[in-house]
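Here the structure is a predicted model, which means the values were calculated and not measured. Atoms within each ligand, like the ligands themselves, are counted from 1 in listed order. Numbers here are sequence positions counted from 1.
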Amino acid sequence: MTPLEQAARAAQHAPSVFNTQPWNWQITGNTLELFADPGRRVDSIDPDGRLLLLSCGAALHHARTYLAAAGWSVTVERMPDAERPQLLARVTLGHPIPPDPESTRMAAAIARRRTDRRAFDDRPVTEFELTKLRRFVESEGAYLHTVRPDQVAMLAISTEIAAGAELDDPAYKQDLHRWTARPSQAGDGVPPGTAVKPELRRVPVRDFFPDATAKLEAGAAHDQGAAYVVLFGLDDEPKNLLRGGEALSALLLLATADGLATAPLSDAVEVEWPRHLVRGLIAGIGEPYLVVRLGYRHDRQPVPAAPRRDTADVITTTR
Ligand SMILES: Cc1cc2nc3c(=O)[nH]c(=O)nc-3n(C[C@H](O)[C@H](O)[C@H](O)COP(=O)(O)O)c2cc1C
């Protein structure tokens, strides 16, 4: 298998909204092209495709990280062709270089990373760790705000309002059904074994199964040590959202490599009024992309892996 094929395969592990994996890869010679798949957009919550672009950005960063760890230089062009808006990025393979140590740590976390929706432990995430994560996010072209203790209630209220509004929307309920009741061969969507039963939480976690069939217990902890961070960018331009997704991947992989559990939360930014409230948490200096809960695992049992699409459906190689 060529390095580009391996990179596209590594990117299959990337997180995506509702586990839609809304991307395809085309390999031609020494180039790897990333395409968005708008048919996999979750229209009721993502009509503009912001979450789709964040998801594709995460896949792009996974591929880049694999190549940097495997010791390859690459050139990345984002949105290289205005005539083809679905072509999000072109990665051109360069020459062998010494493997980058941080990328090597992050690449080792790719297959291990999971969205863990259970409650995290009382052990706090340190300032040092949060500063390190912020630096990485900034180096990927996005920004990170750590929600202050006095802001957590506002985040919780914003999420609560968004979740309530969404569950009242028949189109959302249809999307929820579409992406949680998948045939097993689809290799996508959110299975009950990875979703958490609804419980009183510091900040609510999306209820993927309002019919009460989620399998995971939130556990005995209460997210007391969890840190909530808002990933944001200067605007909602597609290129910045793509870079936001790359920054999200860097954040999640580095946190995983450092022993943290992670869980993205996007409900609050999907509905206009709560989104406005979250914008307030970052003092209106940019557009919030999504929130991530970070913390230490209380329950040591690993969370089951969410399914992934067959690589043959996602990666095309032209020789
Ligand atoms: C843009 C984006 C938004 C997401 N929003 C949520 C969310 O609101 N709630 C949630 O529990 N998980 C959310 N996730 C996590 C995905 O559901 C998760 O990545 C997917 O189901 C695959 O599982 P994995 O991360 O364990 O590989 C989001 C992920 C991305 C990339």
Say whether S16, considering both its backbone and side-chain N or O atoms, lies within less than 3.5 Å of an N or O atom on ligand 1.
->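 For ligand 1, there is an N or O atom that lies under 3.5 Å from one belonging to S16.
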Check whether any N or O atom of H13, backbone or side chain, sits under 3.5 Å from an N or O atom of ligand 1, and answer yes or no.
->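 No: no nitrogen or oxygen of H13 is under 3.5 Å from one in ligand 1.
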Salt-bridge contact [X]-[Y] (side-chain N to carboxylate O under 4.0 Å):
X: R148; Y: D150; answer: yes
X: R105; Y: D258; answer: yes
X: R275; Y: E270; answer: no
X: E287; Y: R50; answer: no
X: E138; Y: R134; answer: yes

Protein contact of [atom] - nearest heavy atom, named by residue and atom, plus distance:
atom: atom 26 (O) of ligand 1; result: T115 N, 2.8 Å
atom: atom 5 (N) of ligand 1; result: S266 OG, 2.8 Å
atom: atom 23 (O) of ligand 1; result: A306 CB, 3.5 Å
atom: atom 17 (O) of ligand 1; result: R117 NH2, 2.9 Å
atom: atom 21 (O) of ligand 1; result: N19 CB, 3.4 Å
atom: atom 10 (C) of ligand 1; result: P264 O, 3.4 Å
atom: atom 27 (O) of ligand 1; result: R308 NH2, 2.6 Å

With heavy atoms only and a cut-off of under 4.0 Å, state how L265 meets ligand 1: side chain, backbone, both or neither.
->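 Backbone only; the side chain of L265 stays clear of ligand 1.
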Counting only heavy atoms, which portion of V303 has something under 4.0 Å from ligand 1: side chain, backbone, both, or neither?
->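 V303 to ligand 1: no contact under 4.0 Å from either part.
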Is it true that atom CZ of R135 has more than 12 heavy atoms of other residues, nucleotides or ligands lying nearer than 6.0 Å?
->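 No, because the 6.0 Å sphere around CZ of R135 holds 12 heavy atoms or fewer from other groups.
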Is a side-chain donor-acceptor pair under 3.5 Å present for W23 with Q12?
->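 Yes, because at least one side-chain N or O of Q12 sits under 3.5 Å from a partner of the opposite role on W23.
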Heavy-atom gap F208 to ligand 1 smaller than 4.0 Å =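 The answer is yes, since F208 has a heavy atom less than 4.0 Å from ligand 1.
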